Number of protein chains: 2
Amino acid sequence: MDVSGRTYPQLALDLQLCFPLYAATRAVTKRYVTLLEGTGLTYPQYLVMLVLWEADEPLTVTALGHRLRLDSGTLTPLLKRLEAAGHIRRERDPGDERRVLVSLTEAGRALEEQVSGVPQQLGQSMGISRDEALALRDQLTELVDHLDAADSA
Amino acid sequence: MDVSGRTYPQLALDLQLCFPLYAATRAVTKRYVTLLEGTGLTYPQYLVMLVLWEADEPLTVTALGHRLRLDSGTLTPLLKRLEAAGHIRRERDPGDERRVLVSLTEAGRALEEQVSGVPQQLGQSMGISRDEALALRDQLTELVDHLDAADSA
DNA sequence: CGCTATTAAGTTGTGCGCAATATAGTTGTG
DNA sequence: CACAACTATATTGCGCACAACTTAATAGCG
């Protein structure tokens, strides 16, 4: 891409980090459509399930949101769809009626085994080694931390 | 994050690349809300403007879509909003009435100067050097290429 | 020329993300 | 105990993304 002669060469799409980042996320999401076929899960729903499998106990909507950086405006309808699909239960906490406890159903628990090969399949699709992936993960995590700080400043 | 004792340790959220990638894109998009304040542009709209500034000539919807990896289902309403905001014009190509040519208005052209500092501001918010950003850009670009190949396979 | 295939853009429907707001339940304080 | 402040979730509205489909225009071919 020739950017010489432009008044603002720094605006060239190919020179910026933001676009590959944006494109990569959409490409990954698209790949998950194939990888999650048969489970009935979307990618964000899969992430919620990852958190629930890992916690292995009921979590509140707030706790899920904190882990995934999502708010109730995103999670409430998503969780209702997961519930309608039979993967989770949503119940008000008897001890504090403001809270909704999200727990796995047996069907939801059973899904874990079904997707256990997904991370490796995705890794193969990305064409990078495990070490490269972990290094990239660390760089992106650091980037998120910086951006969070910048936004609250 | 302790993943010992899990039946499927590879499903731990913190071990996966996909989540930081997803979180980073959302953090960047959120940062752009602040950086683009005053322009009336959203982040995807800003990307469209970048392509138009760079091309410096009318582009078809398909050409824009090819550059940004977006289809008409996304672009048509987005372009209508950019048109309503006065940044672009949309006109059928007289030589081929199937095509819609997207061109900059004077106001749209004038926006370029107004956002010329955005890439550097974002770079600062990310807390990484220019070289690190370019290296990350290359890694992500390669990742997209691999994923595209995997999906069409 | 006439007809089919192809191409370009638009439309529809679903599912995020997220800001702003609403609602209901809980806590803390006098 | 009353009541204001706070907390947790839900709702509303808007703007993407994208699959599937529709409509209109052009190209190609016999």
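Being a predicted model, the structure only gives us computed values, none of them experimental. The chains referred to below are lettered A, B, ... by the order of the sequence lines, with proteins before strands, and numbering in each begins at 1.
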task: Ignoring hydrogens and angles, tell me if any N or O in the side chain of Thr60(A) forms a donor-acceptor pair with the backbone of Val100(A) under 3.5 Å.
output: no
query: According to the Watson-Crick and G-U wobble definitions, with both distances under 3.5 Å, which nucleotide is paired to dG28(C)?
result: dC3(D)
task: Using the heavy-atom set of chain B and a strict 4.0 Å cut-off, write down the first and last nucleotide of DNA chain D that makes it in, 5' to 3'.
output: dG15(D) to dT26(D)
Side chain to side chain contact (heavy atoms under 4.5 Å, CB included) partners for Pro44(A), two or more places apart: Thr42(A), Leu78(A), Tyr22(B)
query: Which parts of nucleotides 14-24 of chain C does protein reach within less than 4.0 Å, heavy atoms only, written one letter per nucleotide 5' to 3' as B for base, S for sugar-phosphate only and - for none?
result: -SSBBB-----
- request: For Thr29(B), report the nucleic acid contact type (base, sugar-phosphate, nothing); a contact means any heavy atom under 4.0 Å.
  value: nothing
task: Let me know the distance between CG of Leu101(B) and C1' of dA8(C), rounded to the nearest Å.
output: 12 Å
- request: Work out which heavy atom in Ala150(A) is nearest to a heavy atom in Arg31(B); give both atom names and the distance.
  value: CB-NE, 3.5 Å
query: Shortest non-hydrogen contact from Pro119(B) to Gln16(A)?
result: CG-NE2, 3.8 Å
- line: Assert: residue with more 5' nearest nucleotide on DNA chain D, out of Arg99(A) and Lys80(A), is Arg99(A)
- request: Please answer whether the main-chain N or O of Arg90(B) pairs with a side-chain N or O of Glu83(B) as donor and acceptor at a distance below 3.5 Å.
  value: yes
message: Closer than 4.0 angstrom, basic N to acidic O: yes or no for Arg109(B) and Glu106(B)?
response: yes
Polar side-chain atom of Arg137(A) near backbone of Asp14(B) as donor-acceptor pair, under 3.5 Å: yes
